[in-house]
Undergrad: 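Just dropping this structure here.
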Amino acid sequence: MDFLRDPFGFVINWYVGLLSQFGLPPEVVEVIASLTGALVLATGAMLFVVFLIWYERKLIGRIQDRFGPNRVGPWGIFQPIADMLKIFTKEYITPDGAEKFTYNLAPILAVAAVLLLWSVLPLSVTVFGTDLNVGFLFLIAVGALGEVSYILAGWSSNNKYALLGALRLVAQLISYEVPLVLSALVPVMLAGTLSVVGLVQAQEIWFIVTAPAAALIFFIASIAEIGRSPFDLVEAESELVAGYNIEYSGLKFGMFYVAEFLHAFTVSMIFAVVFLGGWRGPAAEQVPILGFVYLMLKTFVVYFVTILFRGTLPRFRIDQMMNLNWKVLTPLSLALVMVMAVVGGLTRDLPLFWQAAAYLAVNIILLVIADQLIRLFQRKKPKQALAIRGGHGALTTSTKYGTGE
Amino acid sequence: MLGNWLYIGIFALVALLMPAVTIFIAGILAPKKPDPIKNSTYECGIETVGPSWTQIKIQYYVFALVFLIFDVEAVLLFPWAVAYNFLPIYAILEGVIFLLILVVGLIYAWRKGALEWF
Amino acid sequence: MNGLQFVFLLAALVSLFSAVMVVSARRMMHAALWLVLTLMGVAVIFVTLQSSFFAVVQILVYVGAIAILIIFSVMLTRRVMEDHGDQILPGWRGAVLVAVLLFGVLVGFLTLWQGFSVMLVELPPDTDNVLELGKALVSPQEFVLPFELASVLLVAALIGAITIAVDRRKEHQR
């Protein structure tokens, strides 16, 4: 019964018990247990990408009114495995003049940065890699570390297009880190801890309900951080010819591909953990395996939304992306943190329900104000466009840009 | 606490070794036929013209700089946010003042055109 | 020698070696990448000191922002792909003499400092470092003034850098 309630925890305890029986000192037991846990988690994540690729291709196919892969196995379920087998046997073509060490390090670092994110995420009430007391900041920092791998890839390919693509990508990634980090302050304020396990424990009421504006900003910034549509200008096939990974072939390219998919899923899981209550749900504390199921369901819902964005929204231009970030998301997140801080301080003595209602009200007011301001600026835009174009023919310009809608 | 970091250190090693081993295995399985045309740098199918670097715009540097300032600001705010539930009202206002000063910085950057892409 | 000392020794060696490579690398881009390795070594040293917040902040700010800023500025210089010429300046003997003298003076002053003989008091094991830091940063008896001055300093840095870097011509066009 215990095994059914919490299979992962049961296996972990049995394994540690088995190791201790060998008479090894406790530090060695800890190291071996950590090593096995890390291996299992990392391998599980890498193998799970196979399923994720299939899921995404099927879903994108359905959005585009076609079947998606359906030849290789029932419902095309062996398609990604066939793709992986193919990519394993492709030749590595290293361009002339490429810096061998950094050229080979870049895909490894890209995957390693994404895998490292899994080490602090709580999968259920008893199963987590480790309860680091600054886990949430660790997640953001490792994401920043992943950006270095793109610069390495672009620079060591000895190809100016790769370099330009990589620099543009990194400029986009670092810009969107600002609203990400600022909106990440809000759940930390509400929970009073930086530990991810603590963030889940503090979500009696899910943070998406108390702080929807923060959730929205965090979600948009996360999608921009993983370089997915609609923010995927730098890897669009029609522009900049695939960006930083032009000169990569074979499994090295496959590793960048795997890193992107895994990053998308991991970021969905981070959002589910921080804003959707993680493993919380009915009876999740008594039956930990249910907590894991809830987390997976929530993560898949968020991942589904991510794929919907990719299949339906047109791509941003780079200047539109930067404007969205610096002129909309950053001021909004700064205002959000200030307003949430003041409201929280004023409503501190009220019971939880009223405090949450106050937060929710303030968030909605802020979003409405932001929406109105954006519309106001949009209506002003045709005049600005006229000014930039030097006032060519007011009539032609206004019919071209319409009302700015 | 060091136990946590030990786990993360081991995990980082595993995370680095796993793709490295996979790439190495694929390197053994894959054919190796280097060819001068295959190895030349890709430039939309034509030969490379000119040296392989280009002058980048200063705008990249300005963005990185503004990002750095706001990153340091957010990092200084994280301890304040963690202690938030235990702080008296004036301490909360101190954090808000910190943010307001940086809002002034953002407005300056906006007006000076540091946030434009072109 | 226990595990912690071994980790510290390893991290210190890696940081020192990378730091030497930063100043002696032939190509500027290599120097920037060695700098990234140095900063990561410093983060590991923070971990051995049990201050996980600073280790993570080191990675987030130094590696994720400052190293990238330095790489961008290295790319801005025209000669990044074509480093020629002598790496060592003509007056290097004088420079080495000054460096050794400075090191000797610093070490002399540090041995006279009383702080080294004070035993560090470890916090009780269940205190949350970040919480204490947060409370200390905004309490009037402790660090609130440096906290607010830090934001003024940041804005001053922002204004200064933008004044230098932003293209003058764009302002006239507006």
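Residue numbers start from 1 in every chain, and the chains themselves are labelled A, B, ... in the order their sequence lines are given, proteins ahead of strands. Predicted model, so just to flag it, every value in this text is computed and none were measured.
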Undergrad: Taking every heavy-atom pair that is under 4.5 Å apart, which of A:V148, A:V134, A:V170 has the most such pairs with chain C?
TA: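 Looking at each option in turn, the highest pair count goes to A:V134.
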Undergrad: At a heavy-atom separation under 4.5 Å, does A:I151 approach chain C through its side chain, its backbone, both, or neither?
TA: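 Only the side chain of A:I151 comes within 4.5 Å of chain C.
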Undergrad: Taking all heavy atoms of A:F138 and all of C:V56, pick out the closest pair and write down the distance.
TA: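 Heavy-atom minimum between the residues: N-CG1, 3.6 Å.
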Undergrad: In sequence, state the C-alpha distance, the side-chain angles, and the governing distance for A:L163 and C:M75, and then conclude on side-chain contact (heavy atoms from CB on, under 4.5 Å).
TA: CA-CA 10 Å; A:L163 186 60; C:M75 299 272 173; 3.7 Å; yes
Undergrad: Side chain, backbone, both or neither: which part of A:L137 has a heavy atom under 4.5 Å from chain C?
TA: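 Both backbone and side chain of A:L137 come within 4.5 Å of chain C.
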Undergrad: Given a strict heavy-atom distance threshold of 4.5 Å, which part of C:V130 is in contact with chain A: side chain, backbone, both, or neither?
TA: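 Answer is side chain: those atoms of C:V130 sit under 4.5 Å from chain A.
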Undergrad: Could you please spell out the steps behind the side-chain contact (heavy atoms from CB on, under 4.5 Å) verdict for A:W155 and C:V74?
TA: CA-CA 12 Å; A:W155 169 72; C:V74 162; over 6 Å; no
Undergrad: For atom CZ of C:F147, decide whether the heavy atoms of other residues, nucleotides or ligands shown that lie under 6.0 angstrom number more than 12.
TA: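 Above 12, so yes.
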Undergrad: Can you tell me how far apart CG (A:L145) and CG (C:L60) are? Round to the nearest 0.5 Å.
TA: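 If we round to the nearest 0.5 Å, A:L145:CG and C:L60:CG are 10.5 Å apart.
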Undergrad: How long is the straight-line distance from CD1 of C:I68 back to CD of A:E177, given to the nearest 0.5 Å?
TA: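 So the CD of A:E177 and the CD1 of C:I68 are separated by 7.5 Å.
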Undergrad: Which atoms of A:S195 come close to chain C, meaning under 4.5 Å heavy atom to heavy atom: side chain ones, backbone ones, both, or neither?
TA: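 Neither part.
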Undergrad: Can you say whether C:L33 sits under 4.5 Å from chain A via the side chain, the backbone, both, or neither, judging by heavy atoms?
TA: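 The side chain, not the backbone.
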Undergrad: Between A:A144 and C:G64, what is the shortest heavy-atom contact and its length?
TA: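 For A:A144 versus C:G64, the nearest heavy atoms are CB-CA, 3.9 Å.
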Undergrad: What part of A:L167 lies closer than 4.5 angstrom to a heavy atom of chain C: side chain, backbone, both or neither?
TA: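 It is both, since atoms from each part get that close.
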Undergrad: Quick one, C:F53 and A:L194 - any side-chain contact, counting heavy atoms below 4.5 Å?
TA: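 C:F53 vs A:L194: side chains touch.
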Undergrad: Can you say whether A:L173 sits under 4.5 Å from chain C via the side chain, the backbone, both, or neither, judging by heavy atoms?
TA: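 Contact with chain C is absent: no heavy atom of A:L173 under 4.5 Å.
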Undergrad: Give a yes or no on this: more than 12 heavy atoms of other residues, nucleotides or ligands lie within 6.0 Å of atom CZ of A:F256.
TA: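 For A:F256, atom CZ is crowded (more than 12 foreign heavy atoms under 6.0 Å).
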Undergrad: List the atom of A:N133, the atom of C:S52, and the distance in Å for their closest heavy-atom pair.
TA: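 Scanning both residues completely, I find the closest heavy atoms to be OD1-OG, 3.0 Å.
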Undergrad: Taking the side chain as everything from C-beta on, heavy atoms only, tell me whether A:E99 gets closer than 4.5 Å to C:M29.
TA: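 No, every pair of side-chain atoms sits at 4.5 Å or beyond.
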